[in-house]
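Here the structure is laid out as structure tokens; the discussion comes afterwards.
Computation of the quantities below employed the complete heavy-atom set of this structure, encompassing side-chain atoms and omitting hydrogens, waters and symmetry-equivalent molecules.
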Amino acid sequence: MYNFEFEKPSTVADAVSALGGEDAQALGGGQTLIPTLKQRLAAPSTLVSLGGIPDMQGVCIEDDGSVAIGGATTHATVASEAAGSYPALAALAGLIGDPAVRNRGTIGGSLANNDPAACYPAGALGSGATIITNTRQIAADDFFEGLFSTALEEGEIITTVNFPVPQAASYQKFLQPASRFALVGVYLARFADGVRVAVTGASEDGVFRWSEAEEALNKEFRQDALTGLSINPANMIADLHGSKAYRAHLVSVMTKWAIEACM
Amino acid sequence: MPKDSGIGASSKRREDVRFLTGAGNYTDDINVHGQAYVHFLRSDIAHGRIKSIDTSAAEAMPGVVKVFTGKDFEGVGGMPCGWEVTDKHGAPMQEPPHPILAQGKVRHVGDPIAAVVADSLEQARDAAEAIDLDIEELPAVMNMKAAAQDGSTLVHDDLKNNICYDWQLGETDDTKVDEVFANAAHVTTLDLVNNRLVANPMEPRVAVGEYKRGTDEYTLFTTSQNPHVIRLLMCAFVLGLPEHKVRVVAPDVGGGFGTKIFHYAEEAFCTFAAKACNRPVKWTSSRSEAFMSDAHGRDHVSKIELALDADNNFIGLRTNTYANLGAYLSTFSSSVPTWLHGTLMAGNYKTPVIQVNVKAMFTNTVPVDAYRGAGRPEATYQLERVVDKAARELGVDPIALRRQNFITQFPYDTPVALTYDTGDYNGTMDKLEVAADLAGFAARRAESEANGKLRGLGINCYIEACGIAPSNIVGMLGARAGLYDAATVRVNATGSISVMVGAHSHGQGHETAFPQVVADMIGIDESMVEIVHGDTSKIPFGMGTYGSRSLAVCGSAMVKATEKVIEKGKKIAAHLLEASEADIELKDGQFSVAGTDKSVAWGDVTLTAYVPHNYPLEVEPGLEETAFYDPANFTYPAGAYACEVEVDPETGQVTVEAFNAADDFGNIVNPMIVDGQVHGGIGQGIGQALLENCAYDENGQLLSASFMDYAMPRADDVPFYGVDHSSQTPCTHNPLGVKGCGEAGAIGSPPAVVNAVLDALNSGGKAVEHIDMPVSPSRVWAAMNS
């Protein structure tokens with residue numbers, strides 16, 4: 001990697017200030033950024049670690065029953081601390097990467113990176129989460145803008161992610177054999193006012209909601225609700241690990257499995 | 001009752017203590033005072049003409065010691081190939097030059113263009129970015145069949161085409177082969193691909209070159225399976241150095257799997273640059289570099305045809321293979337698709353007429369060479385897939401079809417140049433049927449089906465030829481090396497023993513198993529014997545470890561040397577006991593006079609050898625013997641494997657539910673180590689069958705260039721294995737009766753897995769004839785929905 005300055009502020013305000021410098025870059029758990037740096041594919045002047053800010057750590061239950069997760073909370077912490085309050089999300093966190101990844105990688109880092117095969121974008125979009133930054137609150141529906149692209153402004157930091165807790169939810173992930181990212185992952189959440197189905201890994205545009213499936217499930221939440229529905233393969237990802245048609249097929253299968261898990 | 005020491009005991013691997021507690025000494029752990037670091041600037045295109053390289057800016061960068069390009073190696077030898085294959089018309093193979101750094105053209109992604117030596121690795125990398133390259137991109141030669149056509153773009157401009165050789169083995173009369181097929185009652189044909197693999201040992205390659213001006217001596221520390229081979233090739237063919245001035249050390253090596261056999265440009269570079277820079281030079285491969293510079297494995301495209309008579313006897317076999325050699329000839333690459341592949345096409349069967357055709361191709365890809373099994377997995381995969389397909393087409397039991405065609409009389413001369421000395425293929429199949437509970441398969445299938453899954457059973461038989469030799473025969477076949485091995489047994493005055501061996505242990509457990517043999521022969525505790533390996537300044541000239549040869553070849557040398565030691569010890573004992581040498585027996589560490597209670601302990605004899613006060617005048621003092629051993633024939637391990645898989649028809653996901661192996665390795669020194677070798681081999685075979693795929697795009701870019709896209713098998717991808725090696729037909733021509741076990745698992749498992757998947761799919765009513773490896777979920781789903 002190239003040389004860089006390193007800062008580890010203890011408040012959000014100090015982090016924002018440090019990120020104001022030219023070519024400064026926020027560092028969450030570094031599970032994407034550090035390998036990128038090692039390959040010399042990025043050359044930030046300063047890395048601003050968000051790992052030393054107590055306000056961005058941990059899982060708590062808000063008065064309205066929603067689960068608030070600090071932006072710098074690791075996957076392992078979510079897997080253990082949200083297990084009681086939001087089990088489906090905790091299960092999602094517990095299946096990301098391997099133990100080393102889960103003990104370094106953070107929810108804020110994952111959402112800000114918006115890898116098209118990452119798990120958390122599906123969890124956030126499927127839950128209708130609110131992404132809270134140092135300046136504003138962004139609904140998940142407005143946050144994800146395509147491959148590795150989000151609504152975040154330069155220097156904006158995800159401080160908290162707030163998850164409304166559904167009546168039932170399930171994340172079904174079909175593993176890409178090499179990376180064990182999601183070849184296709186479907187997060188299904190059933191709320192009193194409707195069902196949300198979010199799909200990761202499949203689309204060339206990144207995480208998306210499968211609205212036809214949501215409509216069908218809102219009419220009747222049953223296992224065969226998807227009969228006759230299919231995803232158009234046209235803008236699915238095709239690569240070494242699966243064709244467009246295979247990914248479109250897996251979206252249906254994973255959604256069906258998620259429905260079954262919520263029955 | 002299992003033995004607790006010596007031959008046949010499952011002694012715990014003594015080397016694991018240092019490996020598992022971080023006390024190993026790997027090449028990257030070696031740092032020489034004053035060392036500089038080299039970074040190789042590698043081609044990011046597959047094929048291009050170098051128009052200019054400007055290193056002036058790089059040379060001015062901080063910390064830079066020297067920048068090298070191909071020009072610095074004009075007049076220096078290139079990387080040699082150790083095996084000259086003769087084509088079917090009697091002409092030698094086309095053998096293009098392979099410079100240490102690219103000259104004129106780059107020929108694969110990863111081909112080294114320049115090397116920057118600097119005070120630190122980061123400085124070397126910084127400077128490499130300042131090198132100004134002008135390379136004219138040329139069309140990449142990727143498809144082997146297209147590359148064989150006249151008019152194809154040439155990988156090497158000075159060759160007449162991209163075909164290294166067009167080779168044939170077995171029946172040379174095409175008319176005779178045609179007749180066999182014309183008269184057959186049934187012919188089964190199969191087109192298949194043996195997928196390209198990256199070995200990915202846990203430890204990437206490392207080289208540290210050192211030059212001492214005062215004595216004009218070089219030392220190369222390197223990650224090698226055969227330090228003497230590296231020294232010979234580098235000194236004689238590349239750098240032109242006197243061998244006695246060069247020491248090559250391969251210390252602890254973290255896995256080889258074949259890819260660390262070969263002499264690599266980086267080794268020669270570090271040795272050369274150490275003198276040119278007058279500083280030690282160190283190179284440590286990154287994992288990304290390993291993907292594009294370690295020799296790859298496999299990559300065959302084949303058509304195989306099996307002819308059967310009306311009684312289902314195999315009467316003819318014909319194969320046509322395109323074998324990818326990559327951009328350059330790696331050290332033993334040419335031997336893999338030929339003498340290590342064509343010779344195995346008889347398999348376990350008495351097929352009378354066999355014709356093997358191989359076109360070996362140059363392409364703009366990383367060189368391809370031996371990987372665990374080397375040619376034998378490619379042969380076994382073709383043969384056992386076509387036999388399985390024939391059984392399905394004929395509606396006969398695949399085990400019965402195999403048994404019917406087994407070779408049962410030994411020795412057996414195959415139509416493809418080998419003589420199997422011994423074997424019992426029905427014996428291993430009998431063991432397999434019991435161990436794998438094949439009788440219970442129908443019930444297990446019914447249970448899987450009740451859960452919505454398809455279940456399949458795949459059978460595979462294999463034979464391999466290990467301990468490749470004798471040297472005079474392999475020399476006639478084109479080998480430019482002997483294939484013997486050597487051992488020195490040095491008995492110390494107080495009776496402990498150091499055994500210097502030519503074999504190299506990089507995971508095989510020699511440090512445990514070899515002492516078991518010597519200790520058993522003398523009757524002393526294993527802890528009194530230690531193996532020394534991996535340093536040309538300490539060991540006799542041996543050929544290293546590959547091809548499951550170590551115990552069969554080097555172990556035999558060790559036995560011969562130990563026998564010489566015992567013989568001399570008897571002379572000394574006879575003198576001490578005032579008896580005739582012919583009456584002296586050695587048992588349990590005691591030399592005794594037969595039929596009497598007179599004896600003298602091992603330690604008293606060894607001490608006498610070094611303190612020869614009361615000593616036979618006609619015997620030399622000391623107790624140290626060396627032996628070289630050149631085998632009379634290959635050894636022929638063989639076996640039968642059974643794999644059971646479940647297939648999820650919704651997703652195409654395959655899970656390996658059970659895997660049983662019944663191997664005949666002849667006599668066994670350490671059953672636990674043998675189990676472990678088979679486990680590891682099966683794991684790699686399952687990896688090839690289900691997961692691993694080294695893929696290029698049409699422009700020669702490596703698509704699976706990291707673990708993000710190259711799927712290595714993980715612990716949860718494989719089942720608990722059943723391994724049985726109780727069916728034993730000892731090798732008839734080496735003193736231990738051993739055959740070799742290192743590669744069997746990787747040879748025998750891929751066809752078993754693929755046969756099982758096809759059995760599962762066909763049981764579900766979908767006629768699927770073949771799926772190429774890796775049998776990934778997407779490929780299975782595509783086949784089910786085609």
Side-chain angles (χ1 to χ4, degrees), chain A residues 1-4 31-32 35-41 43 95 97-101 115-118 172-186 201-202 223 226 230 233 236-260, chain B residues 39 44 62 120-126 128-129 195 198 200 286-289 291 452 648-655 686-687 689-697 701-717 774-786:
Chain A
M1 55 182 71
Y2 299 105
N3 288 338
F4 52 81
Q31 297 307 289
T32 300
T36 307
L37 293 175
K38 282 183 167 180
Q39 292 180 294
R40 295 190 158 203
L41 296 173
L95 285 173
D98 56 25
V101 169
D115 187 305
Q172 297 293 331
K173 174 182 178 181
F174 193 84
L175 299 178
Q176 194 259 51
S179 68
R180 295 202 170 178
F181 274 62
L183 188 66
V184 167
V186 170
Q223 279 173 336
L226 300 181
S230 62
M236 295 286 107
I237 296 169
D239 61 14
L240 274 182
H241 308 287
S243 62
K244 288 170 181 280
Y246 183 57
R247 277 191 168 79
H249 167 75
L250 283 181
V251 173
S252 295
V253 177
M254 292 303 111
T255 308
K256 193 185 81 171
W257 289 3
I259 297 167
E260 285 167 6
Chain B
H39 175 76
D44 57 7
S120 76
L121 182 58
E122 293 302 310
Q123 288 171 327
R125 291 184 71 173
D126 288 343
E129 289 180 8
N195 42 328
V198 182
N200 275 317
S286 69
R287 184 61 66 182
S288 303
E289 272 184 297
F291 270 99
D648 177 358
E650 279 193 308
T651 62
Q653 180 79 52
V654 176
T655 51
I686 291 175
L690 296 181
L691 296 161
E692 298 183 46
N693 188 25
C694 179
Y696 283 92
D697 71 9
Q701 290 297 324
L702 188 53
L703 298 175
S704 50
S706 77
F707 291 137
M708 289 299 281
D709 286 299
Y710 189 89
M712 295 292 283
R714 292 160 162 95
D716 62 354
D717 290 314
V775 183
S776 62
S778 64
R779 288 182 177 182
V780 172
W781 181 80
M784 293 179 78
N785 291 281
S786 59

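The residue among Ser706(B), Ser286(B), Ala711(B) with the most heavy atom pairs within less than 4.5 Å of chain A is Ala711(B).
Note: Arg714(B) CZ to Asp98(A) CG = 8.0 Å, rounded to the nearest 0.5 Å. Taken to the nearest 0.5 Å, the CZ atom of Arg779(B) stands 12.5 Å off from the OH atom of Tyr246(A).
For Met254(A), the part sitting under 4.5 Å from any heavy atom of chain B is the side chain, from C-beta outward, and nothing else. Heavy-atom distances place the side chain of Gln176(A), and not its backbone, under 4.5 Å from chain B. Contacts between Ser288(B) and chain A at a heavy-atom distance below 4.5 Å involve the side chain alone, from C-beta outward. For Asp697(B), no part lies near chain A; criterion is any non-hydrogen pair under 4.5 Å. Interface residue Lys38(A): only backbone heavy atoms are found under 4.5 Å from chain B. Neither the backbone nor the side chain of Glu692(B) comes within less than 4.5 Å of any heavy atom of chain A. Residue contact with chain A, scored on non-hydrogen atoms closer than 4.5 Å, involves the backbone and the side chain of Met708(B) alike. With a 4.5 Å cut-off on non-hydrogen atoms, Pro774(B) does not touch chain A at all.
Side-chain contact check for Thr651(B) versus Trp257(A): some heavy-atom pair is nearer than 4.5 Å. Residues Asp126(B) and Arg40(A) are in side-chain contact: their nearest non-hydrogen atoms beyond the backbone lie under 4.5 Å apart.
Of all the heavy atoms in Leu691(B) and Pro177(A), the pair that sits closest is CD2-CB, 3.9 Å.
With a 6.0 Å radius and a threshold of 12 heavy atoms from other residues, nucleotides or ligands, Asp716(B) has its CG atom above the threshold.
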